[in-house]
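So the structure is just underneath, and the comments pick up after that.
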Amino acid sequence: QLTNLGDDAFTTPWYSHHFFTCDDKPVGDGYNLQLGLKPVLSSLNDTTVSYEESGVGIWSTPLENYAHVSPTALDQDGTYDAIQIQMYKEIEDGIKIKAEFPKCN
């Protein structure tokens, strides 16, 4: 489920790299996206979210060049229940990004 906290309405049938534009307008600094996916972390004492980026260096650009990826704040039960993607740079025309977040078991 997507929750729009902004002023402009939007819809999308899937979560993909296409969410980095809205009505052909680049998404950049100040945009935040929260995915309702439990993050898979690199290690127990680390808050680095694991994800795969196929095609980096061939046809795609690393997500970290444009956004910070992190788990949301800890829940009452001491676990993270979502992934936050916080944009810090506008994605230029022609840039392709593919990030796949593994399902938490």
Side-chain angles (χ1 to χ4, degrees):
Q1 175 184 349
L2 289 176
T3 302
N4 183 1
L5 301 177
D7 296 328
D8 298 326
F10 73 93
T11 60
T12 182
W14 63 81
Y15 301 116
S16 74
H17 62 277
H18 297 290
F19 66 73
F20 286 112
T21 61
C22 293
D23 295 330
D24 294 324
K25 296 176 187 162
V27 173
D29 189 28
Y31 281 83
N32 291 296
L33 178 70
Q34 186 171 339
L35 301 176
L37 303 170
K38 283 194 171 284
V40 174
L41 303 179
S42 297
S43 69
L44 288 176
N45 297 324
D46 190 6
T47 57
T48 302
V49 175
S50 294
Y51 58 94
E52 295 182 21
E53 295 182 287
S54 59
V56 169
I58 300 168
W59 62 267
S60 70
T61 302
L63 177 59
E64 68 184 14
N65 288 5
Y66 296 91
H68 298 290
V69 179
S70 62
T72 56
L74 283 171
D75 277 351
Q76 293 174 348
D77 66 355
T79 62
Y80 299 103
D81 68 347
I83 297 168
Q84 179 170 309
I85 300 173
Q86 182 177 11
M87 303 300 297
Y88 64 84
K89 179 180 173 184
E90 183 177 300
I91 298 175
E92 304 91 359
D93 281 346
I95 296 296
K96 294 176 175 63
I97 297 171
K98 180 178 181 181
E100 297 180 42
F101 297 88
K103 186 175 182 178
C104 184
N105 295 329

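In this chain, residues are counted from 1 in sequence order.
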Check the pair V69, E64 against side chain to side chain contact (heavy atoms under 4.5 Å, CB included), reporting the backbone distance first and the verdict last.
CA-CA 7 Å; V69 179; E64 68 184 14; over 6 Å; no
### Message
Using the rule given for side chain to side chain contact (heavy atoms under 4.5 Å, CB included), can you reason through I85 versus F101, listing the C-alpha separation, both sets of side-chain angles and the distance that settles it, and then say yes or no?
### Response
CA-CA 12 Å; I85 300 173; F101 297 88; 4.1 Å; yes
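Checked by atom type and distance alone, the side chain of E53 pairs as donor or acceptor with a backbone atom of L63 at under 3.5 Å. For T47 (side chain) and P71 (main-chain N/O), no donor-acceptor pair under 3.5 Å exists by modelled atom type.
In this structure, the side-chain hydrogen bond (donor to acceptor under 3.5 Å, both in side chains) partners of T48, at least two apart in sequence or on a different chain, are D46. For the salt bridge (charged side-chain N to carboxylate O under 4.0 Å, His left out) test, residues two or more places apart in sequence or in another chain that qualify with E100 are K98.
A single hydrophobic cluster is seen to contain both V49 and Y31, as judged by linkage of ILVMFWY side chains at heavy-atom distances under 4.5 Å, directly or through other members. When hydrophobic clusters are built by joining Ile, Leu, Val, Met, Phe, Trp and Tyr residues whose side-chain heavy atoms come closer than 4.5 Å, directly or via intermediates, L35 is grouped together with I91.
The distance from atom OG1 of T79 to atom CG of L74, rounded to the nearest 0.5 Å, is 7.5 Å. Here the CD atom belonging to Q76 is positioned 10.5 Å from the CG atom belonging to D81, to the nearest 0.5 angstrom. Atom-to-atom distance recorded for K89:NZ and D29:CG is 11.5 Å, nearest 0.5 angstrom.
In terms of heavy atoms, A82 sits closest to G36 at CB-CA, 4.4 Å. For P102 against S50, the heavy-atom pair with the smallest separation is CD-O, 3.3 Å.
For CD of E52, the number of neighbouring non-hydrogen atoms (other residues, nucleotides, ligands) closer than 6.0 Å is 12 at most.
Applying the ring pair (Phe, Tyr, Trp, His ring centres under 6.0 Å) test to residues at least two apart or on different chains, the pairs with a partner in residues 61-81 are H68-Y88.
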